[in-house]
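Chain identifiers are assigned alphabetically (A, B, ...) following the order of the sequence lines, protein sequences preceding nucleic acid strands; residue numbering begins at 1 within each chain.
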Protein chains: 2
Amino acid sequence: MTPSSASTAQASNNDFYAAHDKLYVATDCIIFGFDDGDLKLLIFKRRVEPDSGIWSLIGSFVKIDEDVDEAARRVLKEITGLEEIYLEQSKTYGKAERDPGYRCISVAHYALMRINDHDRELTQSHGAFWYTLQELPQLALDHQDMVRDALDKLRRRARYQPIGFELLPEKFTIPQLQKLYESIYQRELDPRNFRKKVLSLKVLVKLDEKDKSGSKRGAYLYRFDSEKYQELLESGYNFEI
Amino acid sequence: MTPSSASTAQASNNDFYAAHDKLYVATDCIIFGFDDGDLKLLIFKRRVEPDSGIWSLIGSFVKIDEDVDEAARRVLKEITGLEEIYLEQSKTYGKAERDPGYRCISVAHYALMRINDHDRELTQSHGAFWYTLQELPQLALDHQDMVRDALDKLRRRARYQPIGFELLPEKFTIPQLQKLYESIYQRELDPRNFRKKVLSLKVLVKLDEKDKSGSKRGAYLYRFDSEKYQELLESGYNFEI
DNA sequence: ATTTTAAGCGTTTAAAATACGTTTTTTATT
DNA sequence: AATAAAAAACGTATTTTAAACGCTTAAAAT
């Protein structure tokens, strides 16, 4: 088969692929969760050769008739049982020698999920575990780079888009939200200024319930109002934490 | 050939590729230039079938033994004659149906270059032309999306990293720099505040020459001091325009 | 009852962004 | 030769936002 509608000047060359070689396309997922005041990553330990015992990100090859992001969603569902997960493309890793076994480029994606929502048995049956960033073991191939880059993207994006809420339960307290941002930005924030800031954004709805798990006094629960957020967006508002 | 060191849970499946089908990997380049006060894009018109007469970005397939970014650099050199161009990965386009001819994913890159540096004859011999964003014709496939996304990335990145200088000559005036940022951000900036801001960054060196092309009075030329910038970076400084 | 702890509300100070006035240098015009 | 025009260059005032920090409140533990 000859490419018929190549969009490029070089489309008519014939030297891209040696006949006996294949270029594979995969996707790897950097799955973030937030629990117990810490940002965590879901990684898994291979239990079959080759590389048995090595920790790595969760990934898959992209099927011939499948969108690349669809492949990432398929993997997420297989591992966590969840279909509606926040997913964003991170970066594509295309070094010719990145995988010693064969030529494969990987389109990394990062996902944000609520740890408590997932199917723990399913996750465990795949040999997957949650690790904090500090405890993260060595990962296979260039997966360490993938984590670094995804974390970088998450940090940048979290500041200007309300994606942090994807990591929290529907109802959360201001101190919980602060802990989340502290773990994303890796620095402490002033509780009084943080509260003032997030409430000034006008997208949090205060509920008539308190959460007592974090302190004696308990803190009011809030929820993120995404309709309000959409409205505000349309009238030229910009979110920033 | 069976993948030997697949990093994923699904590596042992056998259903990724039908035997008679192939998944191609390409790269397309969004090449930005700045001239005459306007941000421009280098695009080209196909002169052979299929799609003869259709404008598109410049791209190529990725060779089996070539890094993906290396492929992008190869294309840039073929088209412009330049080897040292600022190049950044933009995004990967992986919809199964994005190219009706065959399955191909494209890793888009954006490049920033000084329009006057390039080999005009070479560019012309490839049927490539510079267009302002306003005059841009319809582009093939999803190339319009690629332009939109790259422009978006450029805008975000230009604010916090000194990449704008890649689009200007070595020596430039403050008003020229302002025009560049105005065309990137698509909004007017106050000349007095702009000057104050960029000079406060301490990375511009004033030269003893004036450029008289832009006004009667002429404006002093400056150059970007990248050594100084690196130094400042290491002592926790952050650039922002 | 008193202490302790985090939640919640407030004020002050410092820094940055924005708005806008004035002077300077040169060319073009009268 | 004087004057007008235009952009460059420098400066100041005002507004907005960020950072620093004090105080009160609610509820559990002593």
* **Nucleic acid contacts - residues 177-208 of chain A versus DNA chain C, non-hydrogen atoms under 4.0 Å** => A:Arg192, A:Arg195, A:Lys196
* Aromatic plane relationship, B:Phe224 with B:Phe165 - under 30° parallel, 30 to 60° tilted, over 60° perpendicular -> parallel
Scan nucleotides 23-30 of chain C against the protein and return all N/O pairs shorter than 3.5 Å with their distances rounded to 0.1 Å.
residue : atom : partner  : partner atom : Å
C:dT24  : O2   : B:Arg217 : NH1          : 2.4
C:dT25  : O4'  : B:Arg217 : NE           : 3.4

* Asked: Would you call the rings of A:Trp130 and A:His118 parallel, tilted or perpendicular if under 30° counts as parallel and over 60° as perpendicular?
  -> perpendicular
* Salt bridge present between B:Arg223 and B:Glu170 (N-O < 4.0 angstrom) -> no
* Are B:Arg148 and B:Asp145 ion-paired here, with the side-chain N under 4.0 Å from a carboxylate O? -> yes
* Aromatic plane relationship, B:Phe194 with B:Tyr181 - under 30° parallel, 30 to 60° tilted, over 60° perpendicular -> tilted
* Sidechain N-carboxylate O distance under 4.0 Å for B:Arg192, B:Asp190 -> yes
* Asked: Salt bridge check: are A:Arg74 and A:Glu78 linked by an N-O gap of less than 4.0 Å?
  -> yes
* Under a 3.5 Å limit for both distances, which nucleotide forms a Watson-Crick or G-U wobble pair with D:dA1, could you say? => C:dT30
* Quick one: do A:Glu88 and A:Arg157 make a salt bridge, cutoff under 4.0 Å? -> yes
* What integer distance in Å separates A:Asn238:CG from C:dA17:P? -> 14 Å
* Can you tell me how far P of D:dT17 sits from CD of B:Glu240, to the nearest Å? -> 14 Å
